[in-house]
Every structure is written in C-alpha cells, then in structure tokens.
Peer 1: 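Sending over a structure as structure tokens; questions will come in a sec.
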Amino acid sequence: MTAPIAVRRLNAADQDFARHLDHLLSWESVSDDGVNQRVLEIIQAVRQRGDAALVEYTQRFDGLEVASMADLILPRERLELALTRISAEQRQALEVAAERVRSYHEKQKQDSWRYSEADGTVLGQKVTPLDRAGLYVPGGKASYPSSVLMNAIPAKVAGVPEVVMVVPTPRGEINEIVLAAAAIAGVDRVFTIGGAQAVAALAYGTESVPPVDKIVGPGNIYVATAKRHVFGKVGIDMIAGPSEILVVCDGQTDPDWIAMDLFSQAEHDEDAQSILVSPDAAFLDKVAESIAKLLPTMERAEIIRTSLEGRGALIQVADMAQAIEVANRIAPEHLELSVADPEAWLPEIRHAGAIFMGRYTAEALGDYVAGPNHVLPTSGTARFSSPLGVYDFQKRSSIIFCSPDGASELGKSASVLARGESLTAHARSAEYRIK
C-alpha cells in the first residue's frame, strides 16, 4: 500500500508566515570544499595538458576506452545520421518545436542603430554576435533534446557563426534524439566530453576544442562549479538552481490539472519546488486529494514525493491580490496564472521567469514547443534576471563620432568635469579639440 503524502500547508494570515516562507524558499547551490577543489584541479589539468587531460578524464569518469581525442569528435554526418535513427514522430516533434523556438526568438533580434545631433555628431550602438558559443548538454540516460533547441537556436538567430556542443557519452551511451536536435538546431561541432573538464575545454581551448566566448546549458554540481570558476574568462548563462513552479489559482481549475502541473516540476529531481497559492481553502483540500490519488500512477513517484514533501507547499491567502503579492515575493522560475482573467493580473506581476496565462496553458508546453525559452532564472533571481535569449549571444558597442563643432562644445564640459576629478590629461585631451 502506498504511504500517504504530506504536502505542507501554509496560511498567509499566520504571524510567522514570512519566516516559514523564507525557510521553504532557501536554497544554497554551493559546492562543498571537496567538489570545489576537485574542479579546480580538473580545470588546471585541462589548461596545462589540453587534449591529453580530456582523454584521461573521459576514460576515468565516463568509462570509455578512447585512444585519442579523435575518438571524442562527432562529425556533422553523425548528427545527420541521428535524424534517420529516431522515429518519424520524434523528428516531426523536434522540427515543430525548433520552428516555433526560432520564430519567437527572431523577434528578439536587435539591430545596430544611430542618430545624428544638430552639429553633426553621430551617436549609436553597434550590435555584434559572439564569435563562438559553447553548449553543455547532459549525456547518458538523461535526454534533453529540448535544451539543445533552446540553447542553440537563439545563438544561431543572433548570428553566432559557430556553436560548439559538448555531451558526455558515459559507457558509450549515445542519445540519438539529442544528436538529432543538434542537427536541426544547426550545431556546428560536437565533442563527446562532459563534466568540469568539458567546461574547462570550452573556456580555455585545447588542441582540438576551440575556446568559446560564452558557455550555456545545464549540468550537475561539477559543471555548475566549473562554470562559476571560468566566468570572467568566458561569459555564462547562469548558475541554475532546481526547477520551480508556482501556480496561482482562483479555485476554478480542475484540481487534477493543478496536481499534475505541480508534478511536472517535482519529477525533475528531489530538490525541485512546486507551490500552489489560492484564496480558496476548499480548493487546496481538493488539490491535496488529487495529489494523493494521482501520485501512485506516476513513473517517478518517489522523486515527486520527496520533492513535494521536502520543498512543496499549498498556501492559503486572503484574496487574489495577496496571491500576487506572494508570487512577487517568491519570484518563481515558472508562474502559472490559472485564473478566469489572467490579463487583469498580469500588470501586477513584477518577478517571474515565464508567465503561463489561463487554465489551459500548462507549464509543460513552455518546456517544449510554445516558443519562448525554457532556460529561466531560478532561486528568486527573476528579480534581476531574464530568460535566455538572442540578446545573450549579442554584444553591444557604443558608437561616438564627433563633428569638429561637437568636439569643441562637448570638450568644454568634459574639461570642467575632468579637472574636478584631478585628471589633467583627460582635460587637456578634450581641450585640444576646443576651437
């Protein structure tokens, strides 16, 4: 007999609600000293010994018999072959998703711009794609073709000439649907390496792996720690915490739907967080019943149970206005507004990675085919971060082109400010151009 599940109940009216909520949300994605030290050693080895270190670590960590780096390079033809090895249904789903992701991200593309002032001075911004982007993809039994699309397609839309993918193949397990996604997304080069050593190779380059300008994509604690350490040498997308969903519901959605929406994040891993907020106490009871009823039907039931009991919650609030307050306080990765009129509440939402509007918009659609990116800020970082997008693969350079009259006029103010800062060379450099 399946043990009953106990998801914590919180009430925003309780005196210590804020403290309980803070405790629920607390998450430290900090590596312990052992992981940190190991990652530093791996990065150093890759910097010093390049391909030889990659081959050695792949043999040791992935259990592969590889003679040289040549065994860890997948040619473009191998990606094309993967397209023929997956089912027609899988290929069509990948192509539908890719087309929608591409179409959405094309609207994000920024162009260079400039304007002229009355005296002929020209100011503007030059937008340039990165030269090369690196994409980390988890390997083995983990299958994340959707992440390949979400990371590679915005880079290609931005105009990045070369996207380099690294994906481990532990014990030789090659994931055909991941390679097929890479073919569809236009990935240029693939190396079957993983872990901290793959991140180090992308950041610093080896004899075979070209150095990139930015590393994106999810990974385990070793990958996340390595990304932290190479940041500054290269850009990174983010240090992502566990997946999160916050559902705000007015009590009128089918409770089975809401329970399954909560499961959709809880099944990621034991640390994932699923929270429901509603002003309707009876509805919270119904969802709790749906959770208990549906849990035994889930393949990943034990992971879902651990996640919901450890980090999940059903929160009662006074009204919808307070529900939105709580949502903004949490700043979730995924926010479902499962209410009658989501447009009415949208202006009140200040912090969320992605907002799913109405009863029919399941968060799962956003993970795969809706079009917007599923790489989203976690752990409250939606307060200051945005989803991954085309803008992450472009950089902006300021353009300043002074006419003689403009240089003369601006030089007067610049001189005053520079002398106020005791920077005489600055002042005189500007003053030389004053008529």
Peer 1: Is any NZ, NE, NH1 or NH2 atom of the basic residue among Lys156 and Asp188 found under 4.0 Å from an Asp or Glu carboxylate oxygen of the other?
Peer 2: yes
Peer 1: For the pair Glu56 and Arg60, find out whether any cationic side-chain nitrogen is under 4.0 Å from an anionic carboxylate oxygen.
Peer 2: yes
Peer 1: How many angstroms lie between OH in Tyr391 and NZ in Lys109, if you round to the nearest 0.5 Å?
Peer 2: 15.5 Å
Peer 1: Answer yes or no: is there a donor N or O on one side and an acceptor on the other, between the side chain of Glu333 and the main chain of Glu244, under 3.5 Å?
Peer 2: yes
Peer 1: Would you check if the side chain of Arg396 reaches a backbone N or O of Val127 as a donor-acceptor pair within less than 3.5 Å?
Peer 2: no
Peer 1: If you count the non-hydrogen atoms of other residues, nucleotides and ligands that lie under 6.0 Å from CD in Gln92, is the total more than 12?
Peer 2: no
Peer 1: Return the OG to CD distance between Ser112 and Gln394, rounded to the nearest 0.5 Å.
Peer 2: 8.5 Å
Peer 1: For the residue pair Trp257 and Tyr360, does the interplanar ring angle fall in the parallel (under 30°), tilted (30 to 60°) or perpendicular (over 60°) class?
Peer 2: perpendicular
Peer 1: Does a salt bridge link Arg419 with Glu431, judged by any charged N lying under 4.0 Å from a carboxylate O?
Peer 2: yes
Peer 1: Say whether, by atom type as modelled, one donor and one acceptor occur between the side chain of Thr121 and the main chain of Glu117 under 3.5 angstrom.
Peer 2: no
Peer 1: Is there a side-chain hydrogen bond (donor to acceptor under 3.5 Å, both in side chains) between Gln265 and Gln273 once you walk through the steps?
Peer 2: CA-CA 7 Å; Gln265 297 311 294; Gln273 185 154 64; over 6 Å; no
Peer 1: Applying the side chain to side chain contact (heavy atoms under 4.5 Å, CB included) criterion to Thr192, which one of Asp71, Asp62, Thr169 satisfies it?
Peer 2: Thr169
Peer 1: Can you confirm whether more than 12 heavy atoms, excluding those of Arg433, are under 6.0 Å from its CZ atom?
Peer 2: no
Peer 1: For Arg114, does the CZ atom have more than 12 heavy-atom neighbours from other residues, nucleotides or ligands under 6.0 Å away?
Peer 2: no
Peer 1: Are any non-hydrogen side-chain atoms of Val164 and Phe191 less than 4.5 angstrom apart?
Peer 2: yes
Peer 1: Could you go step by step and tell me if Val46 and Tyr204 meet the side chain to side chain contact (heavy atoms under 4.5 Å, CB included) rule?
Peer 2: CA-CA 8 Å; Val46 172; Tyr204 293 98; 5.9 Å; no
Peer 1: So, the side chain of Arg100 versus the backbone of Val369: is there a donor-acceptor pair under 3.5 Å, distance only?
Peer 2: yes
Peer 1: Could you tell me whether a side-chain N or O of Asp213 sits under 3.5 Å from a main-chain N or O of Asp131, the two making a donor and an acceptor?
Peer 2: yes
Peer 1: Is atom NE2 of His20 surrounded by more than 12 heavy atoms (other residues, nucleotides or ligands) closer than 6.0 Å?
Peer 2: yes
Peer 1: Please identify which of these residues, Ile193, Ile215, Leu135, meets the side chain to side chain contact (heavy atoms under 4.5 Å, CB included) condition with Leu202.
Peer 2: Ile215
Peer 1: Measure across Trp27 and Ser379 and return the closest heavy-atom pair with its distance rounded to 0.1 Å.
Peer 2: CD1-OG, 3.6 Å
Peer 1: What are the two closest non-hydrogen atoms of Gln59 and Val66, and how far apart are they?
Peer 2: NE2-O, 2.7 Å
Peer 1: Can you give me the closest heavy-atom contact between Ser146 and Asp367, atom names plus distance?
Peer 2: CB-O, 3.7 Å
Peer 1: Any salt bridge between Arg359 and Asp261, counting N to O under 4.0 Å?
Peer 2: no
Peer 1: The test is side-chain hydrogen bond (donor to acceptor under 3.5 Å, both in side chains); show your working for His105 and Asn373 and say whether it passes.
Peer 2: CA-CA 8 Å; His105 285 82; Asn373 211 289; 3.2 Å; yes
Peer 1: As an exercise, state the distance from CG of Leu284 to CG of Leu314, rounded to the nearest 0.5 Å.
Peer 2: 5.5 Å
Peer 1: Would you name the heavy atoms of Val199 and Lys227 that are closest together and state the gap between them?
Peer 2: CG1-N, 3.9 Å
Peer 1: Can you give me the closest heavy-atom contact between Gln252 and Cys249, atom names plus distance?
Peer 2: N-SG, 4.2 Å
Peer 1: For the residue pair Ile315 and Leu21, establish whether any side-chain heavy-atom pair is separated by less than 4.5 Å.
Peer 2: yes
Peer 1: Begin with the C-alpha distance, continue with both residues' side-chain angles, and end with the deciding distance and a verdict on side chain to side chain contact (heavy atoms under 4.5 Å, CB included) for Leu179 and Leu74.
Peer 2: CA-CA 10 Å; Leu179 298 188; Leu74 292 185; 3.8 Å; yes
Peer 1: Please check if the number of heavy atoms outside Glu343 that lie under 6.0 Å from its CD is greater than 12.
Peer 2: no
Peer 1: Take Leu335 and Ile349 through the test side chain to side chain contact (heavy atoms under 4.5 Å, CB included) and record every step on the way to the result.
Peer 2: CA-CA 10 Å; Leu335 171 64; Ile349 301 296; 3.6 Å; yes
Peer 1: What distance do Phe17 atom CZ and Leu24 atom CG have between them, rounded to the nearest 0.5 Å?
Peer 2: 9.0 Å
Peer 1: Would you say Thr58's side chain and Leu54's backbone share a donor-acceptor pair under 3.5 angstrom?
Peer 2: yes
Peer 1: If you take all heavy atoms of Ala98 and Ile184, which pair is closest and at what distance?
Peer 2: CB-CG2, 3.5 Å
Peer 1: Decide yes or no on side chain to side chain contact (heavy atoms under 4.5 Å, CB included) for Leu276 and Ile258, but give the supporting numbers first.
Peer 2: CA-CA 8 Å; Leu276 168 62; Ile258 299 298; 3.9 Å; yes
Peer 1: So, do Gln110 and Val390 sit near enough that their side-chain heavy atoms are less than 4.5 Å apart?
Peer 2: no
Peer 1: Can you tell me which residue among Leu10, Val317, Leu246 is in a side chain to side chain contact (heavy atoms under 4.5 Å, CB included) with Val326?
Peer 2: Val317
Peer 1: Could you give the distance from OG (Ser278) to CE (Met320), rounded to the nearest 0.5 Å?
Peer 2: 8.0 Å
Peer 1: Looking at Ser408 and Pro404, would you say the former's side chain and the latter's main chain have a donor-acceptor pair under 3.5 Å?
Peer 2: no
Peer 1: Mind checking ring-ring contact (aromatic ring centres under 6.0 Å, His included) for Trp345 and listing every partner two or more places apart, or none if nothing turns up?
Peer 2: none
Peer 1: Counting heavy atoms not belonging to Phe61, are there more than 12 under 6.0 Å from its CZ?
Peer 2: yes
Peer 1: Salt-bridge test for Glu176 and Arg78: reply yes if a basic N is under 4.0 Å from a carboxylate O, no otherwise.
Peer 2: yes
Peer 1: Might you work through the salt bridge (charged side-chain N to carboxylate O under 4.0 Å, His left out) test for Glu106 and Arg102, ending with a clear yes or no?
Peer 2: CA-CA 6 Å; Glu106 277 169 355; Arg102 190 174 289 111; 5.3 Å; no
Peer 1: Using atom types as modelled and distance alone, determine if a side-chain donor or acceptor of Glu207 lies under 3.5 Å from a backbone N or O of Asp51.
Peer 2: yes
Peer 1: With the threshold set at 4.0 Å, does a side-chain nitrogen-carboxylate oxygen contact exist between Lys214 and Asp237?
Peer 2: no
Peer 1: Can you check whether Phe263's main-chain N or O pairs, donor with acceptor, with Arg300's side chain at less than 3.5 Å?
Peer 2: no
Peer 1: I'd like to know if Glu41 and Arg38 make a salt bridge, using a cut-off of under 4.0 Å between side-chain N and carboxylate O.
Peer 2: yes
Peer 1: When you measure from the side chain of Ser307 to the backbone of Ile303, do you find a donor-acceptor pair of N or O atoms at a distance under 3.5 Å?
Peer 2: no
Peer 1: To the nearest 0.5 Å, how far apart are CD in Gln90 and CG in Leu83?
Peer 2: 11.0 Å
Peer 1: Given Ser147 and His374, is the side-chain hydrogen bond (donor to acceptor under 3.5 Å, both in side chains) satisfied, shown in steps?
Peer 2: CA-CA 8 Å; Ser147 284; His374 78 193; 3.2 Å; yes
Peer 1: Is a salt bridge present between Lys435 and Glu409, judged by a nitrogen-to-oxygen distance below 4.0 Å?
Peer 2: no
